Participant: 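Here it is, the structure in full.
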Amino acid sequence: MLKKRLAGAVGGTIGYVKAKSVPSLVAGMSIAALYAFAGSRVASRGSYGPEIAVAVSIVLLGMMGPKAIRTAAPVSVIMSTVGLVGALFYASLILKTMNNHLSQYKALVQAEQATKVSKVYIALAGILFVSFSVLFNVLHVFTTNVIATVVPTIRFLEAAQKGDVESLKVYGFYFSLLAIIDVSEDLFYDYILYYNPYWWAQKLVLVGWLIFPQYLGAKTLYYAVAPHFAKLTGATKKE
């Protein structure tokens with residue numbers, strides 16, 4: 001990471017010295033600073049270190065790659081190489097982290113064993129399909145409804161088997177909320193499609209916030225709404 005920081009800073013300085021280009025100097029120093037920040041995140045095992053480094057590397061490659069191809073200038077070639085190597089290296093770290101994380105999902109492990117395809121690639125293919133579906137409105141209703149229904153149903157059944165009453169309440173509230181959203185979609189489908197064509201992408205983000213363990217927004221909403229609902233229906237326990 002130190003070499004990439006130096007390369008960015010040196011590249012920007014050379015651009016400034018040769019062409020008196022302030023943008024080159026600013027860009028080079030910015031790239032170096034971002035690499036330094038990403039490097040500190042990676043070294044401390046902080047969040048999004050490799051992701052930031054990949055993004056910076058892709059930007060660097062995009063900035064210098066075309067010029068390196070056209071002119072074969074040494075500085076452009078070196079900077080492009082730094083961007084390419086950085087992107088590949090940190091992408092490999094991300095894939096390794098993803099592989100370790102995805103190992104906790106039995107369905108993906110079983111799919112990997114059955115297909116002989118890495119669970120990382122299976123997950124990435126699923127992410128690409130879902131992204132394409134909801135952004136370009138191709139099978140968007142089917143995709144969002146499957147994700148919004150299947151995953152919570154599995155977790156609801158797991159909670160039922162464990163006798164986890166609190167989780168059952170939260171997921172029961174989630175399905176009630178989902179039913180309200182679905183009814184609203186049916187009633188105003190044409191208006192939604194016309195005025196907000198990206199609604200299904202937004203719904204997918206909302207569903208993720210509601211059900212993903214990192215956020216579990218459904219639990220937050222349930223405990224915010226339940227006391228008021230209990231008062232409204234007279235369901236509070238009498239002391």
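Please read these numbers as outputs of a predicted model, since none were measured by experiment. When a residue number appears, it is its place in the shown sequence, counting from 1.
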Participant: With hydrophobic residues grouped by side-chain heavy-atom distances under 4.5 Å, do V146 and Y189 end up in a single group?
Facilitator: no
Participant: Report the distance from atom CD of Q113 to atom NZ of K106, rounding to the nearest 0.5 Å.
Facilitator: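 Reported value, rounded in 0.5 Å steps: 12.0 Å.
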Participant: In terms of ring plane angle, is the pair Y191 and Y195 parallel, tilted or perpendicular, where the classes change at 30° and 60°?
Facilitator: parallel
Participant: Which heavy atom in V54 sits nearest to a heavy atom in A91, and how many Å separate them?
Facilitator: CG2-N, 3.5 Å
Participant: Can a donor-acceptor pair be found, under 3.5 Å and without considering hydrogens, that links the side chain of S133 to the backbone of T143?
Facilitator: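 It does not hold such a pair.
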Participant: One thing to verify: whether R155 and D164 come together as a salt bridge, which I'm taking to mean a side-chain N less than 4.0 angstrom from a carboxylate O.
Facilitator: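 A salt bridge is absent here (no side-chain N lies under 4.0 Å from a carboxylate O).
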Participant: Strictly distance-based, threshold 3.5 Å: is any side-chain N or O of Q161 a donor or acceptor partner for the main-chain N or O of E158?
Facilitator: no
Participant: I'd like to know if the side chain of E166 pairs up with that of Y223 as donor and acceptor (distance under 3.5 Å, no hydrogens or angles considered).
Facilitator: yes
Participant: Which pairs count as ring-ring contact (aromatic ring centres under 6.0 Å, His included) when at least one residue sits in residues 137-162, sequence neighbours excluded?
Facilitator: H140-W200
Participant: Would you confirm whether T144, through its side chain, and V141, through its main-chain N or O, come within 3.5 Å as a donor-acceptor pair?
Facilitator: yes
Participant: Hey, what do you get for CG (N99) to OG (S92), rounding to the nearest 0.5 Å?
Facilitator: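 Atom-to-atom, N99:CG and S92:OG are 12.0 Å apart.
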Participant: Can you tell me how far CG of L177 sits from CG of L221, rounded to the nearest 0.5 angstrom?
Facilitator: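 Between L221 CG and L177 CG, I get 7.0 Å after rounding to 0.5 Å.
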Participant: State, to 0.1 Å, how close S57 and G83 come at their nearest heavy-atom pair, and which atoms those are.
Facilitator: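 What the structure gives for the nearest pair is CB-O, 3.2 Å.
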Participant: Walk me through whether T81 and L61 qualify under side-chain contact (heavy atoms from CB on, under 4.5 Å).
Facilitator: CA-CA 8 Å; T81 302; L61 183 60; over 6 Å; no
Participant: In terms of hydrophobic clusters joined by side-chain contacts under 4.5 Å, are F129 and F132 together?
Facilitator: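 The answer is yes; both residues are in one hydrophobic cluster.
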Participant: Could you tell me if the side chain of V117 sits less than 4.5 Å from the side chain of E112, heavy atoms only?
Facilitator: no
Participant: Going only through I, L, V, M, F, W and Y residues with side-chain contacts under 4.5 Å, is there a path from I211 to V205?
Facilitator: no
Participant: I need the L108 CG to S118 OG distance, nearest 0.5 Å.
Facilitator: 9.5 Å
Participant: With a 4.5 Å limit on heavy-atom distance, are the side chains of L206 and I181 in contact?
Facilitator: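 L206 reaches I181 side chain to side chain.
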Participant: Do Y174 and V207 touch side chain to side chain, with heavy atoms closer than 4.5 Å?
Facilitator: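 When only atoms from C-beta onward are counted, V207 and Y174 do touch, with a gap below 4.5 Å.
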Participant: Do L124 and Y90 share a hydrophobic cluster (ILVMFWY, side-chain heavy atoms under 4.5 Å, transitive)?
Facilitator: yes
Participant: Rounded to the nearest 0.5 Å, what separation is found between the CG atom of L84 and the CG atom of L88?
Facilitator: 4.5 Å
Participant: If two hydrophobic side chains count as joined below 4.5 Å and joins carry through other members, does W199 share a cluster with F188?
Facilitator: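 Same cluster: W199 reaches F188 through Ile, Leu, Val, Met, Phe, Trp or Tyr contacts under 4.5 Å.
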Participant: Look up atom CG in L102 and atom CD in Q104, then write down how far apart they are to the nearest 0.5 Å.
Facilitator: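 It comes to 8.0 Å.
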Participant: Give me the atom names and distance for the closest heavy-atom approach of I192 to E185.
Facilitator: CD1-CA, 3.9 Å
Participant: If the test is side chain to side chain contact (heavy atoms under 4.5 Å, CB included), which one of L168, L210, V225 qualifies with F173?
Facilitator: V225
Participant: Can you see which heavy atom on L178 is nearest to which on A148, and at what distance?
Facilitator: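 Closest approach of L178 to A148: CD2-O, 3.6 Å.
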Participant: Show your working on side-chain contact (heavy atoms from CB on, under 4.5 Å) between M98 and K119 and close with a plain yes or no.
Facilitator: CA-CA 9 Å; M98 285 183 63; K119 51 185 170 289; over 6 Å; no
